[in-house]
Participant: 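After the structure tokens below, expect a handful of questions from me.
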Amino acid sequence: MTDLFASLRPEREEIREGVTLLPGFCDGQEILNIVKEIVAVAPFRHMQTPGGRRMSVAITNCGIVGWVSDHKGYRYSATDPERHRPWPEMPEELFALAQNAAEKSGFSGYHPDSCLINRYIPTASLSPHQDKDEHCFDWPIISVSLGLSAVFQLYGNKRGGRPLNIRLDDGDTLVFGGPSRLCYHGVRKLLPDGPEIMRDCRINLTFRRALP
Ligand code: MD3
Ligand code: FE
């Protein structure tokens, strides 16, 4: 459907130093079709936290390495622990999407080697955490939201305090880099709004540079 209000939204919004929101940067339907091909090979699954709890968010990955969690901890692995096989390759369209979003936000030459794909049903949430399992923090993390909208919460570089609430809609793309790369963040709740093709869940892709 044509977005009549697209012209009223800024193309790029600097939320804070190193955090750039690109509203409606991608076509959610197009990205969803690519995600479906990945999921047909490496299905969504619920991982265990190191403490032995089942994550409410279901995940899968594509790329050279994928983020995994089990009783031994959080890490990146070249092997899918469920399939004992490499993760599906990162499709060129996804690599290009992340690279273009990074470029628009001041990070040229971005080469993500991992894409974590999170699936939220309306009761799922992600408690505040830092992303620090990557080898270094010089490169940004790029987040792409699909389907149901959600309230994303951005804290500072220490746990606690009052978060900034950011609503993320289908197609919205966020870039986290520079001094905000290690900010605490979480996903509070899903909202009942979304595109016709995806009113039952939210999918979030995070592109990462995990390896040296
Ligand atoms: C801010 N995912 O997978 S993406 C995650 O919507 C994760 O599924 C959320 O947090 C989701 O780790 C949020 C946005 C995000 C990702 C990385 C960040 C925000 C970040 C790193 C630093 C600061
Ligand atoms: Fe995170």
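Whatever order the structure lists ligands and atoms in, that order sets their numbers, starting from 1.
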Participant: Compute the shortest N/O to N/O distance between Arg181 and ligand 1 and return yes if it is under 3.5 Å, no if not.
Facilitator: no
Participant: Write out the residue and atom name of the closest protein heavy atom to atom 14 (C) of ligand 1, then the distance separating them to 0.1 Å.
Facilitator: Phe176 CE1, 3.5 Å
Participant: Distance only, no hydrogens: is a donor on one side chain within 3.5 Å (strictly under) of an acceptor on the other, for Tyr184 and Gln153?
Facilitator: no
Participant: If you have a sec, work out which protein heavy atom is nearest atom 8 (O) of ligand 1 and how many Å separate them, to one decimal?
Facilitator: Tyr120 OH, 2.4 Å
Participant: Ion pair present between Asp193 and Arg202, side-chain N to carboxylate O less than 4.0 angstrom?
Facilitator: no
Participant: Indicate the ring-plane relationship of Tyr110 and Trp139, choosing parallel, tilted or perpendicular according to the 30° and 60° boundaries.
Facilitator: tilted
Participant: Taking Glu82 first and then Arg45, would you say they form a salt bridge - that is, a charged N and a carboxylate O separated by under 4.0 Å?
Facilitator: no
Participant: Should Asp172 and Arg167 count as an ion pair when the cut-off is N to O under 4.0 Å?
Facilitator: no
Participant: Which of the numbered atoms in ligand 1 are under 4.0 angstrom from any heavy atom belonging to Ser143?
Facilitator: 4 (S), 14 (C)
Participant: Between Glu134 and Arg181, is the closest basic N to carboxylate O distance under 4.0 Å?
Facilitator: yes
Participant: Would you say the side-chain atoms of His111 and Asp113 include a donor-acceptor pair closer than 3.5 Å?
Facilitator: no
Participant: Identify the protein heavy atom lying closest to atom 3 (O) of ligand 1, giving its residue, its atom name and the separation to 0.1 Å.
Facilitator: Asn118 ND2, 2.9 Å
Participant: In this structure, would Tyr155 and Leu174 fall into the same cluster of hydrophobic residues linked by side-chain contacts under 4.5 Å?
Facilitator: no
Participant: Strictly under 4.0 Å, does any heavy atom of Gln130 approach an atom of ligand 1?
Facilitator: no
Participant: For Ser114 versus Trp67, what's the shortest heavy-atom pair and its separation?
Facilitator: OG-N, 4.4 Å
Participant: Kindly say whether the aromatic ring centers of Tyr76 and His135 come within a distance under 6.0 Å.
Facilitator: no
Participant: Does anything in residues 39-63 pair up under ring pair (Phe, Tyr, Trp, His ring centres under 6.0 Å), and if so which pairs, sequence neighbours excluded?
Facilitator: none
Participant: Relative to the heavy atoms of Ser180, which atoms of ligand 1 are at a distance of less than 4.0 Å?
Facilitator: 22 (C), 23 (C)
Participant: Going by the order shown, which atoms of ligand 1 are within less than 4.0 Å of some heavy atom of Val187?
Facilitator: 6 (O), 9 (C), 11 (C)
Participant: Using a strict 4.0 Å cut-off to heavy atoms of Leu116, name the atoms of ligand 1 that fall inside it.
Facilitator: 3 (O)
Participant: Just to confirm my output: which protein heavy-atom neighbour is closest to atom 18 (C) of ligand 1, and how far is it?
Facilitator: His185 CE1, 3.3 Å
Participant: Measuring from Cys115:SG to Ile141:CD1, what's the distance to the nearest 0.5 Å?
Facilitator: 11.0 Å
Participant: Just which atoms of ligand 1 are under 4.0 Å from any heavy atom in Arg208?
Facilitator: 3 (O), 5 (C), 12 (O)
Participant: Out of all atoms in ligand 1, which are within 4.0 Å of some heavy atom of Arg202? Include the element for each.
Facilitator: 6 (O), 8 (O), 11 (C)
Participant: Applying a strict 4.0 Å limit to heavy atoms, is Leu126 in contact with ligand 1?
Facilitator: yes
Participant: Sort by chain and number the protein N/O/S atoms found under 2.8 Å from the Fe ion (ligand 2).
Facilitator: His129 NE2, Asp131 OD1, His185 NE2
